[in-house]
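Chain naming here is simple, since letters A, B, ... match the order of the sequence lines and numbering starts at 1 in each.
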There are 6 protein chains.
Amino acid sequence: DFLHALHEIIPAFGASTDDLERCRLNGFVECGDQNKENFQKAMLLVEQVKVSKGSPPFTCLLEGPSGSGKSALAATVGIDSDFPYVKIVSAEAMIGLHESTKCAQIVKVFEDAYKSPLSIIILDEIERLLEYVPIGPRFSHIISQTLLVLLKRLPPKGKNLLVIGTTSEVGFLYSVGFCYAFSVAYHVPTLKTDDAKKVLQQLNVFADEDMDAAAEALNDVPIKKLYMLIEMAAKGKSGGASEAIYSGKEKIRMSHFYDCLKDAVRY
Amino acid sequence: DFLHALHEIIPAFGASTDDLERCRLNGFVECGDQNKENFQKAMLLVEQVKVSKGSPPFTCLLEGPSGSGKSALAATVGIDSDFPYVKIVSAEAMIGLHESTKCAQIVKVFEDAYKSPLSIIILDEIERLLEYVPIGPRFSHIISQTLLVLLKRLPPKGKNLLVIGTTSEVGFLYSVGFCYAFSVAYHVPTLKTDDAKKVLQQLNVFADEDMDAAAEALNDVPIKKLYMLIEMAAKGKSGGASEAIYSGKEKIRMSHFYDCLKDAVRY
Amino acid sequence: DFLHALHEIIPAFGASTDDLERCRLNGFVECGDQNKENFQKAMLLVEQVKVSKGSPPFTCLLEGPSGSGKSALAATVGIDSDFPYVKIVSAEAMIGLHESTKCAQIVKVFEDAYKSPLSIIILDEIERLLEYVPIGPRFSHIISQTLLVLLKRLPPKGKNLLVIGTTSEVGFLYSVGFCYAFSVAYHVPTLKTDDAKKVLQQLNVFADEDMDAAAEALNDVPIKKLYMLIEMAAKGKSGGASEAIYSGKEKIRMSHFYDCLKDAVRY
Amino acid sequence: DFLHALHEIIPAFGASTDDLERCRLNGFVECGDQNKENFQKAMLLVEQVKVSKGSPPFTCLLEGPSGSGKSALAATVGIDSDFPYVKIVSAEAMIGLHESTKCAQIVKVFEDAYKSPLSIIILDEIERLLEYVPIGPRFSHIISQTLLVLLKRLPPKGKNLLVIGTTSEVGFLYSVGFCYAFSVAYHVPTLKTDDAKKVLQQLNVFADEDMDAAAEALNDVPIKKLYMLIEMAAKGKSGGASEAIYSGKEKIRMSHFYDCLKDAVRY
Amino acid sequence: DFLHALHEIIPAFGASTDDLERCRLNGFVECGDQNKENFQKAMLLVEQVKVSKGSPPFTCLLEGPSGSGKSALAATVGIDSDFPYVKIVSAEAMIGLHESTKCAQIVKVFEDAYKSPLSIIILDEIERLLEYVPIGPRFSHIISQTLLVLLKRLPPKGKNLLVIGTTSEVGFLYSVGFCYAFSVAYHVPTLKTDDAKKVLQQLNVFADEDMDAAAEALNDVPIKKLYMLIEMAAKGKSGGASEAIYSGKEKIRMSHFYDCLKDAVRY
Amino acid sequence: DFLHALHEIIPAFGASTDDLERCRLNGFVECGDQNKENFQKAMLLVEQVKVSKGSPPFTCLLEGPSGSGKSALAATVGIDSDFPYVKIVSAEAMIGLHESTKCAQIVKVFEDAYKSPLSIIILDEIERLLEYVPIGPRFSHIISQTLLVLLKRLPPKGKNLLVIGTTSEVGFLYSVGFCYAFSVAYHVPTLKTDDAKKVLQQLNVFADEDMDAAAEALNDVPIKKLYMLIEMAAKGKSGGASEAIYSGKEKIRMSHFYDCLKDAVRY
Ligand SMILES: Nc1ncnc2c1ncn2[C@@H]1O[C@H](COP(=O)(O)OP(=O)(O)OP(=O)(O)O)[C@@H](O)[C@H]1O
Ligand SMILES: Nc1ncnc2c1ncn2[C@@H]1O[C@H](COP(=O)(O)OP(=O)(O)OP(=O)(O)O)[C@@H](O)[C@H]1O
Ligand SMILES: Nc1ncnc2c1ncn2[C@@H]1O[C@H](COP(=O)(O)OP(=O)(O)OP(=O)(O)O)[C@@H](O)[C@H]1O
Ligand SMILES: Nc1ncnc2c1ncn2[C@@H]1O[C@H](COP(=O)(O)OP(=O)(O)OP(=O)(O)O)[C@@H](O)[C@H]1O
Ligand SMILES: Nc1ncnc2c1ncn2[C@@H]1O[C@H](COP(=O)(O)OP(=O)(O)OP(=O)(O)O)[C@@H](O)[C@H]1O
Ligand SMILES: Nc1ncnc2c1ncn2[C@@H]1O[C@H](COP(=O)(O)OP(=O)(O)OP(=O)(O)O)[C@@H](O)[C@H]1O
Ligand SMILES: [Mg+2]
Ligand SMILES: [Mg+2]
Ligand SMILES: [Mg+2]
Ligand SMILES: [Mg+2]
Ligand SMILES: [Mg+2]
Ligand SMILES: [Mg+2]
């Protein structure tokens, strides 16, 4: 089955598994049909890359709201691909660098990939790589040009490359013509009531009679926020209740849970 | 009780208590239910950080009108947290520096925090850190990118971090997508008539029969302006009356008090 | 009385009295109730600074049309304050400097003030300090940020500071949120017919029967323009009449006076 | 016939045939009447250049949607021209360079061409050479000026030059007056149902009864996307089916083919 | 009389008479009442400067359409003032310099003036000094700030200064608040029919019966264009007629004169 | 007659005749009344310059659609002027230079001209010299300022200068106030049906019965495009027909001629 498959594959030598694992600290649980399908389609792309005989990079964009699990999905595909070169390009690793240095580093990642017969490059949070701010709007002209060219550039003979991009600003990417640089785009959604319920059942922190109400309240919430809210709610109104909750001795109080929901920043 | 608790906690070695104390020269008196609740919720976050087992930084935004007590609240939470590393990042300390130097200093604060098991970083007046001016609007692109990445970056294993931001320009922060980098946001309000009255009663500078009118006139005033107005009004129309007022021998004249209100810059 | 008081006070050692005196070459005559009140209120602030026990700088903005006497008022307050450190910050003294050098000089003035127990800093023509031009609009981003931070920064213990700003572009200052950095704002008005009449009576250059018409024509004129117009009109249509006029032998001809009014640039 | 002619011509010594061949990895098959005509007209231009006796460069713009075969056409004309100097100028080869360096390289290509009696320069993806992004819109001012001048500059006596430009942003090129720098412009279209059907018949991956539906679904698709979709669809829903499909043992399932169409990024 | 007076005065040692004379190659003839009055008023200002006892610079703006005689008027005032320091600041003399160098040179001119008891500085074509272009609109921020401060700066004791500015872009000067830096503004007009007629009568190049028609056609023409048109028209349709015309042997043909009018660039 | 005169004049030593000749590779044939008149008027200006006794540069702008013959006209005037210094300033010769270097070169050309008693400077394609692009719109601020000053600057005594500018963007030149820097402006038009017919009759490539239709189709076409279209049409649909056409053995087929018209980029 789907989740089982994830654990059978051991990442090959050379891939920066540590960086990838940091993107899925909570592992990779099943959270809805669309996410499952996204994973399967992405793994099919991986297969396609393996048998390709010379072509421009395969390119796939994961887009969806902030915190919906795009990076976790990309990292999991990278880990499970078994490719000798898997690299994540993230703003985090280039903090404080000048935009031309960032370009150089990005080009370097592609050139390294060209040396491996099979590679995956993850461009994580493309809007952040492009230093995008909505006012103006402003973003790095030179980084955007560099990426646009790299996404189209033919690797050397016998080298095959899959590029996975993630973004929560798909509107911006369209407006700068960036989306057209990707062949396929998969939408990574927020959780629906049903998806949230499944995750809550595994966590087992609500009383049975509250489960439906809690799941309902979490409709349309990104998975990241679900985890955060449960952690806050488990503390209790006056703190210190977590242990009792997680050990199953107590359950989260719905009134406190609703309070936590109220303070959370809305998207 | 609430205020009592504040004074029991001795800040641990390493925290820059001096800088924090400068943010609450008037101490930290009770001034309304919402402020009390804000303090309690923030202290709960502190508890949550203590027991966290690896996660991105906890992030909390204090937003409200200028002078409403956001910095004082953040500083008090920092002092009362008992964390080994508590640091306030303020524009004041980086005056005249180039924006890239500011970035480097901010990154340094985060890297220092990553060395302590428990840390709090206060990003005070984020709009000022971002060098925001409403016309244009303009702000530092590079500082905003740096902060956005830092607010999301996972600390090393075993290190837990709470980031408290303050701002009186929450509209701007939303417009640049900055608010979404915070998990929770608490509103720090101006004083309502009732809140103002409580503070006035403690100060005891108005005649009993004037108290209600004075409190009414101070409805919707930030606490900072209340202190300033009382200080000005206490002088009297021709100066030199303060001593008599504060010692209780005389009371502030309402007509002079209203005059002072008129000259004050309105927000 | 008001004017009498002005002359009793000898500026203390260390204050740059020369710079201040250059701001009021014509001395400081009475010119209307509001101006008198402005002076008194500002002197009360001076008193308040003297007895303050640690607080952010006292801040006071003088705003009004160009030439209405703002700089003269600020300089007079500075001279009369008897404070050991009184300094005027003006664009004139920093002509041709790069904006970052200007920032450094401004910071230096504040740091110097922090060494004196009692200080006044006059930020003269803030719009010019900010290098403001209405088209764009454009102004120095870095100087505005520096001033905003300095206006809020707490001086060291035991040091008290009054900052007086002047501006004839109060709309611009509001639009960049600069006004909110000041606690109080006093409006320095143009002369009304009555105010103008008082000044004219002292000058004694019009025939008695022309006095009212002349004052009427000068309604809403800034004091600076009144002085300029009288000087021009006194010359007479073909020059050389000044001596006769000022010695009282002749009076200004109304028709020539009206001509002079016509050529003057209107605000 | 048309396709036959293509293979008779051996590119002359000196032309960078490798670069050109990389632009048409799939060879150059017949795909519609308009494309055939475009090729013929472009080859006529080649003939005209051969007999020209001193004139500004002949200039021809190939414009059409992304992936419609513009670069492949330009490269084929270059290869088939038999000219001693054929050079492709592409953003790919200048990645990460400063715009003034790019200018220098472009000028160099023209100066090299001036040394050969007969030359072709392909300006591939002019919008990318100009570092165009639609927001702003922004592009390189200096590269655009350089190209505008080069497109008009008279080569030395006895040297004849054909410049072929390609672009998928013809609207932008018009808006900056760039189109007027070309004498003729040919439109390279997407495939129509009939064109697609011809290509599909050659590929032989659909069952006979599905052919029409598949061609219909591919109406208005650029040839690049047709190839990509067939490759994805051939994999099958669970991967690994390609061999069977391409060897003719199996056919592509229409339902899976439609799924692939859905994920593809739309232009 | 007016014109007579102009020739009696010998410019004092030190003034750059050559530069000034280049501004009025055609001498300074009478051309209309308003121009005469402008000259008289400006000379009165000169008188006023002479007897001033310490004040900010006297400032006078000459504004009017291009070619109406502003520079000639300013230069004539400078020459006739008999002041020891008369200097014209023009874009011509600073061609190709960086804006900060221009600032330095302008400041230098003022500092030099501060050394002379009586000085005139002519800021010729302020819009050109400010490097103004209407699109944007754009102009030099730093030069505008420098001039604004200089126009207000008090000269040292005992030094008196008159600044005369000229501009044909008075709308722009108003929009940047530059006009307010001048105390008086005189409008330098185009020629009206009557003014033109007077000039034509002196030139004596038209037949008596054509004089009125010619003057009529020249209504609202700047004096510069009148001179240019006469010079062109005097050539005749096929050239070479000038000598005959100027010697009075022939007259300008009206039909040719009208043709010349048609080609002239209209303002 | 007009054309005859052109060939009698031998350009004087020192003029860069080669550069000028490159602007009129096809010689200078008669093509319409207005063009003839333009040439005559420009030659009259040349005469006027010869007899001028000190004045600002004579300035003449040739404006009209792209390819209408402006540069050819300017070059012909330059060649026929017989002036010792004739220089064409074109973007071509300054390709890739920084804008300040371009300024320096332009200034140099003027300074060189100031050394010759009689000079012509051709500013060819002013919009290109100004590095104009319509989007923004953007252009070189510093080059525009430099040219504006140079166009007005008085040459040294005894030196006379004619500046001829050409532009196909007269709207832009007006919008930046550039046109006003020229005294006269001549419009260089496209060919009308009659003009085109005359040129076609000389070329003799159409059958007599097609002549009118061809001329009609060429109405409003710039002369440059007429030459290009004839050259393309002469090739024939399948190439190689030129010789037969030009030798008069065959005529251009109208259907093919119309096809060529269709591909040509429209202005
Ligand atoms: N399938 C999953 N199983 C378990 N945890 C998950 C899963 N998907 C996401 N998460 C967790 O949810 C959180 C958010 O996921 P992730 O960072 O991948 O979201 P994102 O879409 O990349 O967000 P952003 O837009 O902010 O980059 C992470 O802590 C991640 O570990
Ligand atoms: N609870 C409190 N008890 C006593 N004094 C307080 C309290 N809250 C705020 N103050 C005082 O009020 C003033 C304003 O508070 P503070 O600077 O924290 O406001 P702020 O919201 O950060 O303002 P700004 O938006 O300008 O940064 C300070 O002098 C502070 O000491
Ligand atoms: N009360 C006064 N008595 C005598 N002279 C005065 C008085 N107020 C102003 N003046 C004179 O009027 C002139 C203008 O005053 P001042 O420069 O202070 O105006 P301002 O408002 O600062 O103008 P600006 O907006 O241009 O800076 C100065 O010459 C000053 O000396
Ligand atoms: N006539 C053809 N025969 C075979 N393959 C073709 C033909 N035309 C184009 N292709 C192939 O289709 C793909 C797209 O073609 P090409 O890159 O030339 O398109 P393009 O219009 O230049 O696209 P872009 O706008 O993205 O630059 C390439 O892989 C190319 O090899
Ligand atoms: N009163 C005059 N008598 C004789 N010639 C004059 C007179 N006024 C102007 N001129 C001449 O007219 C021409 C234009 O005058 P001037 O250059 O002073 O105009 P301007 O208004 O400064 O123009 P611009 O706006 O272009 O700077 C000059 O050649 C000048 O010598
Ligand atoms: N009178 C003429 N006789 C013969 N050929 C001419 C004539 N006028 C122009 N041409 C030719 O027509 C072509 C276009 O002329 P030219 O380059 O002068 O046009 P232009 O108006 O300067 O165009 P652009 O706006 O593109 O600079 C040139 O090849 C030129 O030689
Ligand atoms: Mg992510
Ligand atoms: Mg604060
Ligand atoms: Mg002032
Ligand atoms: Mg292409
Ligand atoms: Mg002038
Ligand atoms: Mg030309």
Side-chain angles (χ1 to χ4, degrees), chain A residues 19 21-23 25-26 65-67 71 90-99 102 124-125 127-140 168-169 172 222 224-225 227-229 231-243 246 256 259-267, chain B residues 37-38 40-48 50-56 58-61 63 100-101 103-104 106-108 110-111 130 132 136-150 152-154 156-157 172-187:
Chain A
D19 282 1
E21 285 296 353
R22 279 168 59 103
C23 288
L25 284 187
N26 303 325
S66 185
S71 302
S90 73
E92 203 180 300
M94 303 192 290
I95 211 167
L97 297 182
H98 188 265
E99 48 180 354
K102 289 184 182 180
D124 199 29
E125 289 183 79
E127 67 275 21
R128 200 57 56 240
L129 293 177
L130 296 185
E131 304 178 355
Y132 165 70
V133 286
I135 283 184
R138 268 184 68 191
F139 59 96
S140 167
S168 51
E169 295 282 352
F172 161 65
K224 185 179 187 175
K225 187 170 276 175
Y227 281 118
M228 187 202 72
L229 282 168
E231 203 172 335
M232 285 181 70
K235 280 273 118 193
K237 201 174 169 121
S238 38
S242 300
E243 219 164 330
Y246 286 123
H256 179 53
D259 274 1
C260 293
L261 259 174
K262 257 201 333 249
D263 291 327
V265 174
R266 244 145 276 271
Y267 291 80
Chain B
E37 207 183 309
N38 282 338
Q40 288 169 332
K41 281 185 187 164
M43 288 309 291
L44 270 182
L45 278 179
V46 167
E47 291 308 303
Q48 207 170 333
K50 278 191 194 151
V51 300
S52 164
K53 298 190 188 70
S55 81
F58 289 73
T59 50
C60 157
L61 181 66
E63 54 84 7
S100 63
T101 316
C103 278
I106 293 171
V107 171
K108 179 72 167 47
F110 276 80
E111 309 253 303
L130 296 185
Y132 165 71
R138 266 183 71 188
F139 59 96
S140 167
H141 192 199
I142 157 176
I143 300 180
S144 79
Q145 294 307 303
T146 301
L147 280 178
L148 280 176
V149 173
L150 287 172
K152 228 175 162 180
R153 185 160 69 163
L154 194 67
K157 231 168 239 174
F172 161 64
L173 288 208
Y174 266 106
S175 70
V176 289
F178 225 92
C179 287
Y180 309 126
F182 288 92
S183 303
V184 293
Y186 303 138
H187 180 68

Gap separating the [atom1] atom of [X] from the [atom2] atom of [Y], nearest 0.5 angstrom:
X       : Y       : atom1 : atom2 : result
D263(A) : H187(B) : CG    : NE2   : 12.5 Å
L44(B)  : K237(A) : CG    : NZ    : 9.5 Å
F58(B)  : M232(A) : CZ    : CE    : 9.0 Å
Q145(B) : I95(A)  : CD    : CD1   : 10.0 Å
K152(B) : K224(A) : NZ    : NZ    : 5.0 Å

Heavy-atom side-chain proximity of [X] to [Y] below 4.5 angstrom:
X       : Y       : answer
K41(B)  : D259(A) : no
L154(B) : L25(A)  : yes
V133(A) : F178(B) : no

Is it the backbone or the side chain of [X] that comes under 4.5 Å from a heavy atom of chain B, or both, or neither?
X       : result
S90(A)  : neither
Y132(A) : backbone
K262(A) : neither
E125(A) : side chain

Please say whether more than 12 non-hydrogen atoms of neighbouring residues, nucleotides or ligands are located less than 6.0 Å from CD in E111(B).
->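 Yes, enclosed.
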
Quick one: which of G177(B), S100(B), A185(B), S55(B) has the most heavy-atom pairs under 4.5 Å with chain A, could you say?
->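 Counting heavy-atom pairs under 4.5 Å, the top option is A185(B).
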
Verify, without hydrogens or angle tests, whether H141(B) (side chain) and S140(A) (backbone) share a donor-acceptor contact under 3.5 angstrom.
-> no

For P137(B) and I135(A), which heavy atoms make the closest approach, and how far apart are they?
-> CG-CG2, 3.6 Å

Per-residue contact mode, I142(B) against chain A (heavy atom under 4.5 angstrom) |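 No part of I142(B) comes within 4.5 Å of chain A.
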
Result of checking E243(A), E231(A), K235(A) against V51(B) for side chain to side chain contact (heavy atoms under 4.5 Å, CB included) | K235(A)

